[in-house]
K.L.:
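Dumping the structure here so I can ask a few things about it.
Owing to the predicted nature of the structure, the values given are computational and were not obtained by experimental measurement. Each ligand, and each atom within it, is numbered from 1 in the order the structure gives.
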Amino acid sequence: MIYTDPSARLLALHTTHTSYWMGVDETGRLLHLYYGPLRETPPAWPEPYFDPGGRPDRLPQEWPCPGLGDNHAPFFAPEWADGAIAAEMRFAGVKTRAGKYALPGLPAFRIGEDPGAETLRITLKDGRGLTLTLLYGVLPGCDVITRAAVLENTGEEPVTLRGMPSAVLDFARSAHPALDFITFDGAWAAERTPCRAPVRPGVQAVGSVGGIPTHAHNPFVMLCTPDAGEDRGECWGAALVYSGNYRMQAESTPAGVRLSVGIEPFRFAWTLAPGGRFIAPEAAFVYSGAGFGPMSRCFHRAIRRHLLPARWADMAAPRPVLLNSWEACYFDFDEAKLLRLAAAAKAAGCDLFVLDDGWFKGRNDDTSSLGDWVADPAKLPEGIDGLCRKVNGLGLAFGLWVEPEAVNPDSDLYRAHPDWALQIPGRETLALRHQYTLDFSRADVREGVWRQLTALLDSCPVAYVKWDMNRTLANVYSAALPAARQGEVYHRYVLGVYELQQRLTDRYPDLLVENCAGGGARFDCGMLYYSPQIWTSDNTDALDRLMIQYGTSFCYPPCVMGAHYSTVPNHTTHRTASVEARMAAALAGTFGFELDLTAYTAAEIEALHPFVQFYRDHGALVRGGELYRLAAPDGQGAAWAIAAADGSEAVVFAVGAPLDGRRLPLPFADPARRYAVHALYTGSAPQPPAAPLPGETLLEQGLPLPALSGTLPGYVAWLQSQEG
Ligand code: DGJ
């Protein structure tokens, strides 16, 4: 619910459990007053307010401006024609409406069916000619508040934006004397490990200047009280709905902590002619007064219901069980080998066969051919359509890997259009993984790629596309823009990717798109608007996946995490893990296989059936249920569960010998029910308890785990409740 007092001096956004209050002071500044548990009475005005004229840098503000005394690290930076960088955005009006705003050309949480969704539009003006519309979206059922900002040049001179955040959130020192900052960091094959540290004086930031979020950091961060944990303490999560250069910054000053999120200002410059406007990407916030678990479940619900393409939202449609050819074949295959693999996938119970990299003209390793999206006749004499027909004939849907943003210098596309690649005149273009990046800021380049993609997808019934992106951007310069507008290229590139993915999903509404960037280098809320699943990491090792998927789950729900069962020793880590451990990691995401099943005997394939059946039986629960992180990964194991919102059923996963014989308290268990435990075993593990267990026992003493021994053992179970 949105509240505005009659004089529009006080404004409040209420979700089911949280409130966000703002106030307009007598000078017209929009102050941030409160973000915390639901409160229907106005909070106190901030202390420095008693000195409103003198200390603008001590005021908690919704849109801090540079140049006139707010001396926090600047983010918003409008540069006027005379070179001054300054603004004084003062309140000019407010409007509310039912339903949530959308952002043209940018992904944003959708209006969806959340009955109470509302929008608050606050207008701020600078006298020299800027009008800023701050958009606030309220998704009450998910306890999510979104923000976005639209800046319009309403003056008569051009203005160059040298920095434009999406949202700023101030935490007054008096209310929050100490806060921790949590970021999600890593590297290739080790994405999104939580990293927590007290906010130090000064600026701490994560972000990217690589054109994509990269493996190193994620556009999701948290602030929390020092006592906060999985089920206790206060925390605030901030997710940016954006897939390019970004900055998530916490700055500590004597006044408190300022969290700023948005497009990274480095190499960003956007000139607004009179009448022009710029839309900053959306940011989404959740507050929880009961720790990280409830916060994550709010983000999960909002992403599942209101961000994913409607076709795949929440429990709308089952995701196919797939086999991906990458770890089975890499570049080494022909049609006969693929068909043998597809037949084995069918025997294992898969729905979809995905042909990964290596299928197009001359592509036998990673040095050539990206950009030439036609089948290699040497490997696929009957083309992609021929292979697709044969795979369909086996009773499987067909999916294909592409990397539309990339081009190898050794390709027909590059030979025909060398200027289509991002490159700085007079400098050598950096090839990473032997490839350049196409200039997706250019409409003609996108059109060329579009023609190739549609020719491919129109030629046969492709049910799934894996859209990969295997490098960061460099040599960022567009031949199509004048010198003064080169600061627009990074952002225009991202808009170009969004435009093409939107066209793809519009034209092929049933197509399942899985995004990927060398594993999880572009795993963000922006990409999830177009594709309901993203390949989480190139690392399929069960032990490493515990940490990768755990860290990922702070913002993103299990149903968006590409997770595949792979062979041992693992191709990345050379480690071994039990079938159950590998299955636990894969079954908690978008389940699939990534291994050479042609090497399996019929009996070995049959042993996989119970797991596939488990996914069929409980996939809807995995997609639409609530995640509980029961034991955080400690390098040796972890446990988690996904439960129905009403506590009526759950799937429970545990991995690692340290959990041997332990009891796992289940916070979602309903004391009014009894639960039968159906565990999946491949080996000689003990039998599950014969009698159903009372909910109270599960809640307080916990679920007794069987003996878990051997090399990385695992446990997968379904808990089915009965009344009383
Ligand atoms: C990186 C991806 O993450 C892998 O799964 C695979 O598709 C390769 N690219 C193919 O080049």
Side-chain angles (χ1 to χ4, degrees), residues 186-192 210-216 218 243 322-333 338 341 345 352-373 375-376 379 384 398-408 410-411 431-438 462 464-473 512-524 527 531 533-541 544-545 548-549 552 560-567 570-573 585-586 589-596:
W188 175 80
E191 295 91 339
R192 290 173 297 283
I212 58 173
T214 80
H215 300 99
N218 192 261
S243 316
L322 64 85
L323 180 134
N324 180 296
S325 67
W326 183 239
E327 289 193 22
C329 308
Y330 297 103
F331 297 103
D332 178 20
F333 55 82
L338 293 178
L341 186 60
L352 170 69
F353 176 76
V354 178
L355 175 54
D356 208 282
D357 198 350
W359 58 266
F360 41 99
K361 243 189 11 200
R363 178 79 165 174
N364 293 315
D365 54 34
D366 61 11
T367 61
S368 79
S369 310
L370 289 170
D372 299 342
W373 302 113
D376 186 345
K379 290 179 182 170
I384 284 295
F398 179 72
L400 200 57
W401 177 97
V402 284
E403 192 172 356
E405 297 155 74
V407 65
N408 284 117
D410 181 6
S411 67
L432 292 175
R433 207 195 187 205
H434 312 285
Q435 65 198 59
Y436 298 158
T437 309
L438 290 173
V462 177
Y464 162 109
V465 158
K466 179 174 172 186
W467 179 308
D468 204 349
M469 165 53 167
N470 278 299
R471 58 164 290 179
T472 50
L473 306 193
L512 173 57
V513 179
E514 176 153 355
N515 269 292
C516 172
R522 194 160 62 181
F523 201 118
D524 58 74
M527 300 317 286
S531 74
Q533 53 198 60
I534 301 179
W535 185 227
T536 313
S537 176
D538 276 349
N539 188 345
T540 55
D541 174 87
D544 285 353
R545 275 285 178 141
I548 294 167
Q549 294 178 193
T552 305
V560 307
M561 296 185 209
H564 298 168
Y565 177 86
S566 65
T567 195
N570 182 270
H571 287 190
T572 303
T573 64
T590 63
F591 181 57
F593 294 91
E594 180 104 14
L595 76 171
D596 184 4

K.L.:
Do Ser369 and Asp410 have side-chain N/O donor and acceptor atoms under 3.5 Å apart?
P.N.:
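Side-chain D/A pair, Ser369 to Asp410: absent.
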K.L.:
Among all protein non-hydrogen atoms, which one is nearest to atom 5 (O) of ligand 1, and what is the separation to 0.1 Å?
P.N.:
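So the nearest neighbour among protein heavy atoms is Lys466 NZ, 2.7 Å.
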K.L.:
Among protein heavy atoms, which lies nearest atom 3 (O) of ligand 1, and at what distance?
P.N.:
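Checked against all protein heavy atoms, atom 3 (O) of ligand 1 sits closest to Asp538 OD1, 2.3 Å.
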K.L.:
Nearest protein heavy-atom contact for atom 6 (C) of ligand 1: which residue, which atom, what distance?
P.N.:
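In this structure, atom 6 (C) of ligand 1 has Asp356 OD1, 3.4 Å as its nearest protein heavy atom.
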K.L.:
Check each atom of ligand 1 against the heavy atoms of Cys516 and keep those under 4.0 Å away; list them by number with element.
P.N.:
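Once the distances to Cys516 are compared, the set is 2 (C), 3 (O).
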K.L.:
Quick check on contacts: which atoms of ligand 1 are under 4.0 angstrom from a heavy atom of Trp535?
P.N.:
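Numbered from 1, ligand 1 contributes 3 (O), 5 (O).
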K.L.:
Going by the side chain to side chain donor-acceptor pair (under 3.5 Å) test, name the single residue among Asp541, Asp544, Thr540 that passes it with Asn570.
P.N.:
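Output: one option passes, namely Thr540.
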K.L.:
Is Asp366 touching ligand 1 with its side chain, its backbone, both, or neither, if touching means heavy atoms under 4.0 Å apart?
P.N.:
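No part of Asp366 comes within reach of ligand 1.
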K.L.:
Do ligand 1 and Phe331 have nitrogen or oxygen atoms that lie under 3.5 Å from each other?
P.N.:
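The answer is no, given that Phe331 and ligand 1 share no N or O pair closer than 3.5 Å.
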K.L.:
Between Trp467 and Glu403, do the side chains contain an N or O donor and an N or O acceptor separated by less than 3.5 Å?
P.N.:
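Note: Trp467 and Glu403 side chains miss the donor-acceptor criterion.
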K.L.:
Any idea how Phe360 and Trp401 line up, ring-wise: parallel (<30°), tilted (30 to 60°), or perpendicular (>60°)?
P.N.:
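Taking Trp401 first and then Phe360, their aromatic rings lie parallel (interplane angle under 30°).
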K.L.:
Which residue supplies the protein heavy atom nearest to atom 11 (O) of ligand 1, what is that atom called, and how far is it?
P.N.:
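Checking every protein heavy atom, the shortest distance to atom 11 (O) of ligand 1 gives Asp357 OD2, 2.7 Å.
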K.L.:
Which word best sums up how the rings of Tyr565 and Phe593 line up, parallel for under 30°, tilted for 30 to 60°, or perpendicular for over 60°?
P.N.:
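Rings of Tyr565 and Phe593: perpendicular, as their planes differ by over 60°.
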K.L.:
Are any of the N or O atoms of Arg363 closer than 3.5 Å to those of ligand 1?
P.N.:
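No, no N or O pair falls under 3.5 Å.
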K.L.:
Could an N or O of ligand 1 be found under 3.5 Å from any N or O of Glu594, whether backbone or side chain?
P.N.:
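By distance alone, the answer is no.
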K.L.:
Suppose I only count heavy atoms of Gly519 and a 4.0 Å limit; which atoms of ligand 1 are within that range?
P.N.:
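Answer, ordered by atom number: 3 (O).
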K.L.:
Does the cation-pi check pass for Arg192 over Phe523, that is, NZ or CZ under 6.0 Å from the six-membered ring centre and within 45° of its axis?
P.N.:
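Pair Arg192/Phe523 counts as cation-pi.
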K.L.:
Look at Glu191 together with Arg522 and state whether they make a salt bridge at an N to O cut-off of under 4.0 Å.
P.N.:
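The answer is no: the pair does not qualify as a salt bridge.
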K.L.:
Got a second to check how far Met561's CE is from Ser537's OG, nearest 0.5 Å?
P.N.:
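Taking CE in Met561 and OG in Ser537, the distance rounds to 12.0 Å.
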K.L.:
Among all protein non-hydrogen atoms, which one is nearest to atom 9 (N) of ligand 1, and what is the separation to 0.1 Å?
P.N.:
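For this ligand atom, the closest protein heavy atom is Asp468 OD2, 2.7 Å.
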K.L.:
Within a distance under 4.0 Å of any heavy atom of Gly518, pick out the atoms of ligand 1 and give their elements.
P.N.:
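That gives atoms 1 (C), 3 (O) of ligand 1.
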K.L.:
Backbone or side chain, does any N or O of Trp401 fall under 3.5 Å from an N or O of ligand 1?
P.N.:
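In this structure, Trp401 places an N or O atom under 3.5 Å from an N or O of ligand 1.
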K.L.:
Looking just at side-chain N and O atoms, do Glu514 and Tyr464 make a donor-acceptor pair shorter than 3.5 Å?
P.N.:
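Tyr464 and Glu514 do have a side-chain donor-acceptor pair below 3.5 Å.
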K.L.:
Is the NZ or CZ atom of Lys466 both under 6.0 Å from the centre of the six-membered ring of Trp535 and within 45° of that ring's axis?
P.N.:
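The answer is yes, since Lys466 meets both limits relative to Trp535.
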K.L.:
Is Glu514 near ligand 1, meaning one of its heavy atoms is under 4.0 Å from it?
P.N.:
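Under 4.0 Å: no for Glu514.
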